[in-house]
Amino acid sequence: MIETTMGEGGVKPTCRMSAWRKNRTTPREAAKRVLLMPGTGYNCDRPLLYYAATALIENGWYADRLDVNADLSKTPARRIFAMLDDVVDRWLEQVRADAGTGKAPRVLVVGKSLSTFIQPHVADLGLPMALLTPVFSPADFDPARSVIPVPGDADWHAADAPEPLICAGTADPLYEPSRARRLSGLIHEYPGANHSIEVPGDWRTSMTYLRDVTDAVVEYAESDAVPTAVRS
């Protein structure tokens with residue numbers, strides 16, 4: 001378990017990483033490790049992350065989950081991003097420690113919304129990442145107007161990392177297709193879907209989209225895009 005607190009004054013965002021209760025193997029025996037990271041108000045028990053974890057676990061992955069107590073409207077975005085970067089660093093250290101002198105496991109990071117902002121850091125580490133509802137258009141509540149950097153932006157830099165998977169709804173105000181295509185060619189778009197990849201008033205389509213997102217994450221995790229082992 002990893003716990004982190006960062007902040008100043010009365011606002012202190014916190015996060016807690018723990019093992020998924022439904023894991024079928026142990027950290028030391030696992031040949032595949034995944035970290036699932038939430039969005040603001042969208043934790044790991046919500047459908048997109050819950051079913052991604054469930055499917056990956058059934059496919060032999062060992063899953064860790066992150067729970068974040070942070071409000072982007074009250075906490076500077078840079079603090080939250082730094083905290084999430086630190087979680088990934090510490091998780092990767094733990095994965096290596098669990099492997100010991102044995103074979104290093106395959107690894108994957110799955111992030112939703114808020115957590116997708118750390119894609120540049122994950123890429124710098126050489127890790128693959130699935131971006132669920134990534135933020136390519138600034139949110140009204142974020143005074144910093146933060147967006148994920150893409151090729152052509154002043155703050156973007158190339159990294160030796162697998163191309164990320166992107167899953168997003170076309171009715172999501174935080175999604176911008178042109179920016180997504182500048183970052184990756186692995187894109188699943190869902191017509192009429194919102195920031196939860198759901199279509200209000202149409203549960204059948206919403207469930208169809210949920211299944212497709214889950215399939216996309218599993219296929220990405222097992223594809224050649226994801227390295228067979230974490231870097232040493």
Side-chain angles (χ1 to χ4, degrees), residues 20-22 32 34-61 63-68 70-73 84 108-119 122 128-142 146-148 150 162-226:
W20 209 280
R21 292 184 178 180
K22 294 185 178 181
K32 299 181 285 189
V34 59
L35 173 62
L36 293 108
M37 306 181 72
T40 302
Y42 197 103
N43 64 31
C44 291
D45 292 322
R46 297 288 296 275
L48 293 173
L49 293 172
Y50 175 85
Y51 283 102
T54 299
L56 289 169
I57 288 170
E58 290 183 3
N59 219 32
W61 290 73
D64 291 300
R65 58 177 286 162
L66 183 71
D67 293 297
V68 178
D71 186 342
L72 194 59
S73 67
L84 296 178
L108 172 67
V109 177
V110 179
K112 167 74 170 78
S113 189
L114 172 67
S115 294
T116 64
F117 278 111
I118 67 168
Q119 187 275 331
V122 173
M129 186 171 186
L131 308 176
L132 309 184
T133 70
V135 182
F136 290 120
S137 182
D140 292 338
F141 57 77
D142 178 15
S146 306
V147 293
I148 300 168
V150 299
E163 193 172 30
L165 170 69
I166 294 173
C167 295
T170 62
D172 180 354
L174 303 185
Y175 181 62
E176 174 49 60
S178 63
R179 290 183 62 79
R181 286 171 174 74
R182 285 160 58 187
L183 182 64
S184 178
L186 303 176
I187 300 174
H188 288 242
E189 292 181 340
Y190 302 93
N194 59 19
H195 194 56
S196 296
I197 310 188
E198 297 176 350
V199 180
D202 188 347
W203 65 267
R204 289 181 176 84
T205 298
S206 297
M207 292 187 70
T208 298
Y209 288 170
L210 173 60
R211 178 171 181 171
D212 189 87
V213 171
T214 305
D215 282 339
V217 171
V218 171
E219 289 174 7
Y220 178 69
E222 300 295 344
S223 72
D224 292 337
V226 176

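Heads up: numbering here begins at 1 and tracks the sequence.
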Subject >> Nearest atoms (heavy-atom pairs only) where Ala52 meets Leu36 >> reply: CB-CD2, 4.3 Å
Original post:
If you round to the nearest 0.5 Å, how far is CG of Asn43 from CG of Leu49?
Top reply: 8.0 Å
Subject >> Minimum heavy-atom distance Pro164-Leu131, with the two atoms named >> reply: CB-CD1, 4.0 Å
Subject >> Side-chain heavy atoms of Ser196 within contact of Arg46, under 4.5 Å >> reply: yes
Original post:
Of the non-hydrogen atoms in Ala221 and Leu56, which two are nearest, and what is the gap between them?
Top reply: CB-CD2, 3.6 Å
**OP:** Classify the side-chain pair Glu189/Tyr175 by whether it contains a donor and acceptor separated by less than 3.5 Å.
**Re:** yes
Original post:
Going from CD1 on Ile166 to CD1 on Ile187, what distance comes out if it is rounded to the nearest 0.5 angstrom?
Top reply: 4.5 Å
Original post:
To the nearest 0.5 Å, how far apart are CG in Leu35 and CE in Met37?
Top reply: 5.5 Å
Original post:
So which heavy atom on Glu222 is nearest to which on Lys32, and how close?
Top reply: OE2-NZ, 2.9 Å
**OP:** I would like to know whether Leu84 and Phe117 meet side chain to side chain contact (heavy atoms under 4.5 Å, CB included); could you show each step before the answer?
**Re:** CA-CA 9 Å; Leu84 296 178; Phe117 278 111; over 6 Å; no
**OP:** Provide the closest heavy-atom pair for Pro134 versus Ala168 in the form atom of the first, atom of the second, distance.
**Re:** CD-CB, 4.3 Å
**OP:** Start with the C-alpha distance between Leu174 and Phe136, add both sets of side-chain angles, then the distance that settles side chain to side chain contact (heavy atoms under 4.5 Å, CB included), and finish with yes or no.
**Re:** CA-CA 6 Å; Leu174 303 185; Phe136 290 120; over 6 Å; no
Subject >> Close side-chain approach of Pro191 to Tyr209, heavy-atom, < 4.5 Å >> reply: yes
Original post:
Does the side chain of Thr133 come under 3.5 Å of the side chain of Lys112 through a donor N or O and an acceptor N or O?
Top reply: yes
Original post:
Any side-chain heavy atom of Asn194 within less than 4.5 Å of one from Asp172?
Top reply: no
**OP:** Could you tell me whether the side chain of Gln119 and the main chain of Ile148 form a donor-acceptor pair under 3.5 Å?
**Re:** no
Subject >> Gap between atom SG of Cys44 and atom CH2 of Trp20 - 0.5 Å precision >> reply: 5.0 Å
Original post:
Taking atom OH of Tyr51 and atom CG of Asp215, what is their separation to the nearest 0.5 Å?
Top reply: 13.5 Å
Original post:
Considering only heavy atoms from C-beta outward, does the side chain of Ser146 approach that of Val135 to under 4.5 Å?
Top reply: no
Subject >> Met129 and Val110: CA distance, side-chain angles, deciding distance, side chain to side chain contact (heavy atoms under 4.5 Å, CB included) verdict >> reply: CA-CA 6 Å; Met129 186 171 186; Val110 179; over 6 Å; no
Original post:
Are the side chain of Ser184 and the backbone of Leu165 linked by a donor-acceptor contact shorter than 3.5 Å?
Top reply: no
Original post:
What is the distance from atom CG of Leu48 to atom SG of Cys167, rounded to the nearest 0.5 Å?
Top reply: 8.5 Å
Original post:
If we only count heavy atoms from C-beta on, is the Trp61 to Leu108 side-chain gap below 4.5 Å?
Top reply: yes
Original post:
Looking at Thr170 and Gly192, what are the two nearest heavy atoms and their distance?
Top reply: OG1-N, 2.8 Å
Original post:
Are the side chain of Thr116 and the backbone N or O of Ser113 linked by a donor-acceptor pair below 3.5 Å?
Top reply: yes
Original post:
Going through the checks in order, is the side chain to side chain contact (heavy atoms under 4.5 Å, CB included) test met by Leu210 and Ile197?
Top reply: CA-CA 7 Å; Leu210 173 60; Ile197 310 188; over 6 Å; no
**OP:** Say whether, by atom type as modelled, one donor and one acceptor occur between the side chain of Glu198 and the main chain of Pro200 under 3.5 angstrom.
**Re:** no
Subject >> More than 12 heavy atoms from other groups under 6.0 Å of CZ on Arg211 >> reply: no
**OP:** Using the salt bridge (charged side-chain N to carboxylate O under 4.0 Å, His left out) rule, pick out the option among Lys22, Arg65, Arg21 that qualifies with Asp45.
**Re:** Arg65
